[in-house]
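Atoms within a ligand are numbered from 1 in the order they appear, just like the ligands themselves. Here the structure is a predicted model, which is why all the values come from computation and not from measurement.
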Amino acid sequence: MFIKCRLDSFFACMARRTVYFIAIFLALSSCLSARFAYGQITDPLEVSTLLAVRRQLTDPRKNLKNWDKMKDPCASNWTGVICYRNKSDGYMHVQELRLMHYNLSGILAPELGQLVHMKILSFMWNNISGSIPKEIGTITDLKQLLLSGNQLSGPLPDELGYLPNLIKLQLDLNQLSGSIPKSFVNLPKVQHFHMNNNSFSGQLPPELSALPLLKHFLLDNNKLTGYLPPEYSEMPSLTILQLNNNNFEGNVIPDTYGNMSKLIKLSLRNCNLQGKVPDLSGIRSLLYLDLSKNQLTGKIPVNRLSDNITTINLSKNQLNGSIPSNFSGLPHLQKLRLNNNLMSGSVPSTIWKDRTFTSDSKLEINFQDNLLSDISGVLEVPPNVTLMLHGNPVCRNATQRNIGHLCGSDNGDENTATVNKPVLTCPSSCPTCFEYVPGLPDKCFCAIPFGVGLLLRSPSISDFPPYRDQFNEYIIGNVKLYPYQLFIDSLAWEEGPRLRMFLKFFPQLNNDSHTFNDSEIQRIADIFATFVIPGNDTFGPYDLLNFTVSGPYSNMPLPSLKSKGMSEGALAGIVLGSIFCASMVLLGVVLLFLKKHQQLPLNAVKDKSFGKVTIIMDGVKALGFKELQAATSRFSIATQVGEGGYGKVFKVGYCDEDEEQMLVYEFMPNGSLHDLLSARYRSPLSFATRLHIALGSARGILYLHTEADPPIIHRDIKANNLLLDSKWTAKVSDFGISRLAPISDVKGVTEAHISTNVKGTPGYLDPEYFLTQKLTEKSDVYSLGVVFLELLTGMQPISHGRNLVREVNIACQSGTMFSLIDESMGPYPSDCIKKFMQLAIRCSQDETKDRPSMLEVVRELENISSALPECDNTALELNLNTVTSESSPSASAPSSSVYSKTHTYVSNNLRGSNLVSGFFTTIKPR
Ligand SMILES: *[C@@H]1O[C@H](CO)[C@@H](O)[C@H](O)[C@H]1NC(C)=O
Ligand SMILES: *[C@@H]1O[C@H](CO)[C@@H](O)[C@H](O)[C@H]1NC(C)=O
Ligand SMILES: *[C@@H]1O[C@H](CO)[C@@H](O)[C@H](O)[C@H]1NC(C)=O
Ligand SMILES: *[C@@H]1O[C@H](CO)[C@@H](O)[C@H](O)[C@H]1NC(C)=O
């Protein structure tokens with residue numbers, strides 16, 4: 001499918017380009033500094049978006065006071081705005097918006113959808129009201145949508161279901177309503193649905209069983225009804241299914257739930273469920289089972305549950321029969337509740353007799369209010385065990401049996417958690433803000449702790465102490481500190497049950513300042529704020545509640561953090577500066593493409609394989625990473641055609657390895673016009689062909705000036721950037737420094753020019769733009785005029801100290817114009833060539849007002865072309881009417897039509913214009 005590649009043509013220009021750009025820097029020293037600054041500023045669209053978001057928020061604590069419209073969000077570290085530099089367009093982009101715990105009220109602006117590079121959007125723990133804007137569903141990069149703890153209401157927009165990269169959807173503790181959209185099945189990467197404590201209603205969509213990576217399904221405390229979809233047992237990654245406090249009235253627990261091989265926690269408490277307790281013995285990883293407060297009937301299945309189970313709660317049902325022996329000897333059991341059922345027979349003492357206890361392990365057995373008449377075997381209950389038998393026949397003669405202590409009516413302790421603080425025997429107390437590090441009791445080391453409030457939202461344990469060491473290891477291992485640096489300061493069980501904890505982190509012992517430095521605080525805070533610590537099977541998902549800072553940490557902008565990556569900015573600015581100038585990126589195409597397609601509806605097209613869905617945009621061809629991989633023989637060196645400022649160039653275009661971003665272009669087998677005219681490739685090129693190239697170029701630029709929406713000034717028209725397809729049709733490429741042309745503002749007033757720092761290529765650069773920094777469409781006209789002169793003379797714009805424009809003007813004035821015409825052209829029609837030369841000279845006038853518009857240029861070239869047969873019939877080697885730029889991007893794309901889960905969009909909308917078609921994508925190859 002790939003046209004034979006001329007290594008040295010199209011892409012080789014990139015090597016020379018570098019040389020050119022060194023020249024630019026020397027010629028225009030302002031460029032370097034301009035580029036430098038350019039690399040530090042935020043994408044203007046995103047700046048206005050942030051301001052629009054800000055306008056909808058009330059900020060009583062003035063946390064956002066540095067959101068100053070006179071300052072750049074990324075460069076001046078707006079609170080909560082975390083940016084990264086996009087190598088391909090040179091702007092800083094908002095990658096994370098973390099506005100947690102700021103008492104913000106107001107609504108979420110629909111404009112949020114324009115922050116297309118955003119990966120984390122967090123408004124947790126504020127008072128935001130209104131609904132979730134559907135526009136958020138267009139942020140395809142989004143990985144985490146964190147809106148817990150607000151007053152959001154209304155239904156979930158279907159659009160949220162088409163976020164190809166979403167991993168975490170955290171919407172709990174709001175007033176959201178309506179049903180869970182079926183469209184959520186289209187979230188191929190989602191792992192966490194945390195949507196508890198809302199008002200969601202209706203049937204759970206069975207379709208969600210196709211979610212390949214969903215681990216945590218937390219929808220407790222809602223108003224869901226209908227049946228429990230049996231298909232959910234097919235969810236390959238599900239570990240927590242927590243649906244307690246919904247109303248599945250009249251429905252049963254599907255038997256298939258016994259087949260959830262990875263399940264760790266099943267909570268269906270208070271769901272109005274009927275029928276039997278299914279056999280769950282096949283779930284070997286089950287740690288926590290809560291089926292209490294339903295109307296379950298029949299006997300408890302006798303098969304032994306998972307060895308690691310900590311909690312079995314079947315209380316408040318109508319279960320009968322005897323207590324099965326399978327509850328005996330479970331080594332990690334912490335809580336066994338069968339109270340308020342119809343259990344009969346005797347209490348098997350093997351439950352506690354057959355297991356060993358460590359000093360910190362406890363077992364609570366609640367069998368109250370049943371029909372138990374006896375206790376089998378040994379009556380002695382060890383101190384770690386609390387057995388509650390009140391309300392059973394066995395307690396009728398409790399004193400006689402000497403079991404009075406087991407028959408009391410108190411309900412045991414409802415999950416109190418205590419922390420054993422080490423007793424420190426240090427001579428004196430630490431200075432204010434400092435504390436002795438509890439993990440180093442014999443060292444008496446004073447340090448300032450950094451506090452982190454966490455909520456374990458669905459732990460699979462009922463008693464924390466036996467798991468304390470495991471928890472410390474889990475946190476320390478992920479935060480990468482020494483064990484003594486973490487201290488669990490407090491613990492409290494809450495409704496759910498959830499476990500609220502307060503952690504203190506201490507700096508290292510050998511730290512002279514006895515404090516963390518800023519970067520270390522930021523690192524630790526980032527770890528919690530961005531949920532990089534993976535959920536743990538035992539402790540479940542966590543929520544970040546707050547950070548507690550004192551002393552030197554108080555100045556840190558927490559809980560939202562400073563922008564990352566700015567410090568690298570200085571160095572990168574210099575290095576990348578040159579790269580930006582040499583930009584290979586079709587910014588213009590990308591812009592056009594985005595503009596054109598932004599308004600179009602997204603059609604979700606369901607693949608035949610259930611659940612795999614590809615979003616297709618109208619008129620856009622999707623290619624997958626695999627196809628590109630195949631097309632380049634896995635990006636092998638053999639298919640590499642060069643290496644540019646941005647990375648490697650393959651017979652598919654361009655690959656930026658760091659970001660895994662790719663730009664794919666039409667392959668232009670005939671290289672650039674520059675190559676064509678330069679001596680190495682000099683093959684006789686007729687006048688008709690040259691005219692055809694001129695017309696193609698002019699049409700391409702005309703398209704940018706007039707039809708592109710918004711209009712674009714190319715700013716770097718030159719022979720290098722005019723590429724030739726197999727039919728010698730010229731196409732305009734390289735929009736690296738293109739600018740949007742001035743467009744009407746709201747009042748309909750159009751500015752005549754844009755003031756910018758001068759960029760372009762010496763020899764092609766509009767002198768008026770150079771002097772005044774005022775950029776207009778006529779700057780492109782000038783550059784194209786120079787290209788016309790090159791076509792006519794075969795000379796370069798600047799060589800050996802000669803300036804082509806000046807030379808042609810002098811020759812014209814002295815009437816020796818024809819002496820400059822490129823002889824290799826062969827016989828040419830002099831009338832036509834004269835007209836072409838006059839047009840070229842008009843285009844390359846010093847003053848803007850003396851140059852024609854691009855439309856006039858195109859018309860004049862068309863006139864010359866149509867007169868061409870009259871001028872010279874034999875010179876016409878190409879049928880100009882059939883050679884249009886209809887080549888579609890697929891001409892250079894692999895033939896495979898496999899759609900992968902990653903989406904690649906081909907810009908097809910430029911068909912009919914003389915522009916190099918390109919498409920771009922961000923791809924994760926793993
Ligand atoms: C969730 O809702 C339940 C029932 O309304 C309530 O008891 C519980 O406190 C709520 N959870 C939180 C964390 O507010
Ligand atoms: C559990 O899975 C096995 C194997 O896939 C299947 O044979 C069995 O019928 C399933 N059991 C239930 C109750 O669905
Ligand atoms: C039980 O827990 C231990 C320690 O966490 C683990 O190694 C083991 O695989 C678990 N057993 C099962 C059946 O999950
Ligand atoms: C901050 O502290 C950490 C850990 O002690 C250390 O590795 C790092 O180099 C320090 N950074 C700075 C900027 O001092």
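- For the residue pair Ser292/Asp290, the side-chain donor-acceptor check at 3.5 Å is satisfied.
- Between the side chains of Ser328 and Ser325, not a single donor N or O lies within less than 3.5 Å of an accepting N or O.
- Of the protein's heavy atoms, Asn197 ND2, 2.9 Å lies nearest to atom 11 (N) of ligand 1.
- In this structure, Lys262 does not pair ionically with Asp537, as no charged nitrogen and carboxylate oxygen lie closer than 4.0 Å.
- For atom 3 (C) of ligand 1, the closest non-hydrogen atom of the protein is Asn221 OD1, 3.2 Å.
- Geometrically, Lys265 engages Tyr288 in a cation-pi contact defined by less than 6.0 Å to the ring centre and at most 45° from the axis.
- Judged by the shortest distance from any of its heavy atoms, Asn245 lies outside the 4.0 Å radius around the atoms of ligand 1.
- For atom 1 (C) of ligand 3, the nearest non-hydrogen atom of the protein is Asn308 ND2, 1.3 Å.
- Atom 9 (O) of ligand 4 is never approached by the protein to below 4.0 angstrom, counting heavy atoms only.
- The cationic atom of Lys168 (NZ for Lys, CZ for Arg) lies less than 6.0 Å from the six-membered ring centre of Phe531 and within 45° of the ring axis.
- Among all non-hydrogen protein atoms, the one lying nearest atom 12 (C) of ligand 1 is Leu173 CD2, 3.5 Å.
- A salt bridge does not link Asp518 with Arg523: none of the charged nitrogens is closer than 4.0 Å to a carboxylate oxygen.
- Distance remark: protein heavy atom not present below 4.0 angstrom from atom 5 (O) of ligand 3.
- Here's the thing with Asn517: one of its N/O atoms is less than 3.5 angstrom from an N/O atom of ligand 4.
- Those atoms of ligand 3 with a heavy atom of Arg284 less than 4.0 angstrom away are 12 (C), 13 (C), 14 (O).
- What sits closest to atom 7 (O) of ligand 1 on the protein, heavy atoms only, is Glu495 CG, 3.5 Å.
- Dense packing is recorded around OH of Tyr227, with more than 12 heavy atoms of other residues, nucleotides or ligands lying under 6.0 Å away.
- Nearest protein heavy-atom neighbour of atom 13 (C) of ligand 4: Ser519 OG, 3.9 Å.
- Using a cut-off of 4.0 Å between Lys/Arg side-chain N and Asp/Glu carboxylate O, Asp172 and Arg457 are scored as salt-bridged.
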